[in-house]
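To keep things clear, I will list the structure first and then write my remarks on it.
Since the model is a prediction, treat every value here as computed from it, not as a measurement. Keep in mind that the numbers below use all heavy atoms, side chains included, and drop hydrogens, waters and symmetry copies.
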Amino acid sequence: MDYIFYRVYRAYNKKGESAKFLSLLYMTMVFAFLFYPFALFLCELLRNPCHGNDGYLFSIYLLIALIYSYLRFFPSKKILLINQKFNGNRYNHKIPDWYFFLILPLSIVWGVAAYSLLVKFLIKPFALRGVIYNLL
C-alpha cells in the first residue's frame with residue numbers, strides 16, 4: 001500500500017496537483033472498496049427492519065477509512081519516509097504511473113462482486129440481515 005501511495009503521490013506531483021490531499025483521498029477510496037464486503041457484511045448484521053441506520057453505518061465506515069488513511073499517509077514525516085524508501089526502487093521506471101490508477105477501479109469491482117456473493121450465498125440463505133440489531 002505504501003508503494004501505491006508513493007506512485008500516486010509522485011504522479012500527482014508531476015502534474016502539479018495537490019499531491020498530498022489527492023493521494024490521501026485516492027488511498028481512502030482504495031481502502032474503502034477493498035474492505036467494502038466485510039464492512040457491509042457487518043452493516044447487514046446491524047441493519048434495522050426499516051433500513052433507517054444504513055446511512056449512519058456506512059458513514060461511520062467511510063470515516064474510519066478516512067481516519068486510517070489520514071494517520072497512515074498525511075503526516076509530512078510519513079510522506080518523507082515513504083519517498084526515501086521507494087525513491088530508488090527498480091519498478092519506478094518499469095511500471096508506468098497510470099497502472100496505479102487502475103487499482104481503484106479494480107478494487108471497486110472486487111468490493112461489489114465480493115459483497116454480491118456474500119449476500120447471495122451467506123446473508124440471504126441464513127437470514128442474517130439484522131441479526132445483531134434484533135438481539136440488541
Side-chain angles (χ1 to χ4, degrees):
M1 285 299 182
D2 287 345
Y3 187 67
I4 295 169
F5 174 80
Y6 168 74
R7 292 298 297 268
V8 170
Y9 181 84
R10 196 174 90 166
Y12 279 129
N13 245 356
K14 284 181 187 176
K15 296 291 183 184
E17 302 287 332
S18 177
K20 190 173 182 179
F21 180 68
L22 292 174
S23 300
L24 173 75
L25 291 179
Y26 184 84
M27 293 307 294
T28 299
M29 293 314 296
V30 168
F31 284 132
F33 281 108
L34 281 178
F35 299 112
Y36 185 77
F38 309 112
L40 286 184
F41 178 72
L42 290 175
C43 289
E44 288 284 347
L45 296 177
L46 293 167
R47 179 176 277 174
N48 67 359
C50 300
H51 303 281
N53 62 353
D54 290 349
Y56 297 118
L57 294 172
F58 196 67
S59 297
I60 290 169
Y61 168 63
L62 290 178
L63 185 63
I64 289 170
L66 180 64
I67 290 170
Y68 177 74
S69 294
Y70 176 80
L71 294 175
R72 184 168 177 175
F73 298 117
F74 198 74
S76 297
K77 191 174 185 179
K78 293 262 190 173
I79 293 173
L80 183 63
L81 289 173
I82 291 171
N83 282 336
Q84 288 174 351
K85 181 178 179 181
F86 296 114
N87 195 19
N89 196 318
R90 63 185 168 130
Y91 295 117
N92 290 347
H93 300 290
K94 291 182 179 180
I95 303 173
D97 287 337
W98 65 270
Y99 279 19
F100 289 92
F101 287 96
L102 293 176
I103 292 172
L104 182 58
L106 291 174
S107 67
I108 292 170
V109 169
W110 150 255
V112 171
Y115 175 66
S116 299
L117 291 173
L118 276 174
V119 168
K120 184 177 181 179
F121 294 112
L122 193 64
I123 293 171
K124 283 187 178 178
F126 294 105
L128 295 176
R129 184 167 283 151
V131 168
I132 295 177
Y133 180 82
N134 293 332
L135 290 175
L136 297 176

Next on the checklist: Going by the rule ring-ring contact (aromatic ring centres under 6.0 Å, His included), which residues pair with F73 if we only count those two or more places apart in sequence or in a different chain?
Outcome noted: F5

Checklist entry - Do I60 and L34 belong together in a cluster built from hydrophobic side chains that touch within less than 4.5 Å? => result no

Next on the checklist: If the condition is ring-ring contact (aromatic ring centres under 6.0 Å, His included), which residues does F33 pass it with, not counting sequence neighbours?
Outcome noted: Y36

Item to check | Pairing residues for F100 by the side chain to side chain contact (heavy atoms under 4.5 Å, CB included) criterion, not counting sequence neighbours | outcome: Y3, I4, R7, V8, I95, I103

For residues 63-71, run the donor-acceptor check on the side chains, cut-off 3.5 Å, and write out each pair with its distance to 0.1 Å, sequence neighbours left out.
| from | atom 1 | to | atom 2 | distance (Å) |
| --- | --- | --- | --- | --- |
| Y68 | OH | R72 | NH1 | 2.9 |
| S69 | OG | T28 | OG1 | 3.2 |
| S69 | OG | A65 | O | 3.2 |

Checklist entry - Considering only heavy atoms from C-beta outward, does the side chain of F21 approach that of Y12 to under 4.5 Å? => result no

Next on the checklist: Using 0.5 Å steps for rounding, measure from the CZ atom of F41 to the CG atom of L45.
Outcome noted: 4.5 Å

Checklist entry - Would the F35 and Y61 ring centres measure less than 6.0 Å apart? => result no

Under 3.5 Å, which donor-acceptor pairs do the side chains of residues 78-86 form with other protein atoms, sequence neighbours left out?
| from | atom 1 | to | atom 2 | distance (Å) |
| --- | --- | --- | --- | --- |
| N83 | ND2 | I79 | O | 3.4 |

Checklist outcome for this item: d(L22 CG, K15 NZ) to nearest 0.5 Å is 13.5 Å

Next on the checklist: So, using side-chain hydrogen bond (donor to acceptor under 3.5 Å, both in side chains) as the criterion, who are the partners of S59 when residues are at least two apart?
Outcome noted: none

Item to check | same_hphob_cluster(W98, V109) at 4.5 Å side-chain heavy-atom cutoff | outcome: no

Checklist entry - What is the distance from atom CG of L25 to atom NZ of K20, rounded to the nearest 0.5 Å? => result 13.0 Å

Checklist outcome for this item: Besides L117, the hydrophobic cluster formed by Ile, Leu, Val, Met, Phe, Trp and Tyr side chains linked at under 4.5 Å, directly or via other members, contains F121

Item to check | Listed partners of L57 passing side chain to side chain contact (heavy atoms under 4.5 Å, CB included), at least two apart | outcome: C43, L46, N53

Checklist entry - Can you name the residues that form a side chain to side chain contact (heavy atoms under 4.5 Å, CB included) with F126, not counting sequence neighbours? => result L122, L128

Checklist entry - Pairs in or reaching into residues 126-136: which pass side-chain hydrogen bond (donor to acceptor under 3.5 Å, both in side chains), with residues at least two apart or in two chains? => result E44-R129

Item to check | Heavy-atom donor-acceptor pair, N92 side chain to N87 backbone, under 3.5 Å | outcome: yes

Checklist entry - Is L106 reachable from V30 through a run of I, L, V, M, F, W or Y residues, each pair having side-chain heavy atoms under 4.5 Å apart? => result no

Item to check | Under the side chain to side chain contact (heavy atoms under 4.5 Å, CB included) test, residues paired with K14 that sit two or more places apart | outcome: R10, D97

Checklist entry - Is there side-chain contact between M29 and S107, with at least one heavy-atom pair below 4.5 Å? => result no

Checklist outcome for this item: Sequence neighbours excluded, the answer for side-chain hydrogen bond (donor to acceptor under 3.5 Å, both in side chains) partners of Y56 is none

